[in-house]
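A quick note: this is a predicted structure, and the numbers were derived from the prediction, not measured. Counting starts at 1 for both ligands and their atoms, in listed order. Along the sequence shown, residues are numbered consecutively beginning with 1.
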Amino acid sequence: MKNIILFGAPGAGKGTQAKLLAEKFDLIHLSTGEMLRHEVAQGTALGQRVKDIMDRGDLVGDDIVVGLIAKALDHGRNELLDEWDELRLRRACGIGDNDPLPEKPQPSIIYDGFPRTVQQCQMLEFLFQKKQRRLDRVISIDVPQEELVHRIHERALVSNRSDDNEETIRHRLEEYESKTRPVLDYYKVSGRLITVDGSGEISETNSRLCKVMEWILQN
Ligand code: AMP
């Protein structure tokens with residue numbers, strides 16, 4: 001049961017790579033951006049609160065995203081204990097119907113787009129302590145600035161995301177520089193940071209990431 005953060009600037013390919021890694025290594029993929037877009041699409045109270053913030057390219061509040069992660073960690077745990085699973089486990093281990101079950105093994109998780117501020121890093125540490133998890137590694141996908149700008153503009157041509165437009169893109173990169181880049185230093189100090197070159201094609205970056213992931217999962 002590992003916890004791995006996939007870190008990168010907007011346009012670095014975090015979302016694409018996190019999906020590929022989750023499929024290949026059977027990981028749970030938690031993307032705060034996707035969770036927030038889901039809330040907006042469903043028109044929930046939270047969605048209505050964050051829509052304008054996201055459209056401007058600002059970061060939403062730390063408490064909101066940490067709350068979403070905390071909820072997802074609880075939900076993942078319950079989902080594993082479906083009825084069929086529980087019966088099978090009881091029979092296999094010879095546990096009586098009314099006896100307590102042992103703790104279930106928890107799956108490994110890849111975090112995409114979170115944490116994005118140093119405050120979120122600190123809140124995540126606190127959350128992990130409460131949930132008896134620990135952060136294993138942070139993988140940073142490194143892409144030069146000019147390539148990032150080029151990629152986000154290309155994506156804007158085909159994306160239906162309301163935050164993929166000229167002005168918002170510029171602001172998202174500013175937010176990254178001022179609030180999110182310090183996250184790298186935070187993890188560098190703790191020796192958990194691994195940097196992967198993400199300047200090439202999706203498949204090239206993916207094979208580099210797969211090697212790193214194999215190593216993390218085995219160690
Ligand atoms: P993403 O899909 O990761 O690019 O996120 C899209 C938008 O959702 C960001 O521009 C922010 O407005 C918001 N968002 C996603 N994750 C976070 C986070 N960890 N902290 C604050 N805002 C976030």
Is it the case that D197 and S199 place a side-chain donor and acceptor less than 3.5 Å from each other? yes
Using a 3.5 Å cut-off on N or O atoms only, is L36 in polar contact with ligand 1? no
What is the closest protein heavy atom to atom 16 (N) of ligand 1, and at what distance does it sit? T32 OG1, 2.8 Å
Say whether D112, considering both its backbone and side-chain N or O atoms, lies within less than 3.5 Å of an N or O atom on ligand 1. no
Short version for E175: what comes under 4.0 Å of ligand 1, heavy atoms counted, is neither
So if I count the atoms of ligand 1 from 1 in the order they appear, which ones are less than 4.0 Å from some heavy atom of Q120? 18 (C), 19 (N), 20 (N), 21 (C)
Proximal candidate to atom 15 (C) of ligand 1 [heavy atom criterion; set E34, R116, K179, R56]: R116
At what distance is the nearest protein heavy atom to atom 22 (N) of ligand 1, and which residue and atom is it? V60 N, 3.1 Å
Side chain T168, main chain D55, donor-acceptor under 3.5 Å: yes
Taking heavy atoms and a distance under 4.0 Å, where does L59 meet ligand 1: side chain, backbone, both or neither? both
Below 3.5 angstrom, do we get any N/O pair linking P115 and ligand 1? no
Here the side chain to side chain donor-acceptor pair (under 3.5 Å) pairs for residues 6-18, sequence neighbours left out, are Q17-N206
Report the member of D58, T180, V66 with the shortest heavy-atom distance to atom 12 (O) of ligand 1. D58
Does a donor on one side chain and an acceptor on the other come within less than 3.5 Å for E147 and H150? no
Ligand 1 and K14, any nitrogen or oxygen pair closer than 3.5 angstrom? no
Sub-4.0 Å atoms of ligand 1 with respect to non-hydrogen atoms of R37: 2 (O), 6 (C)
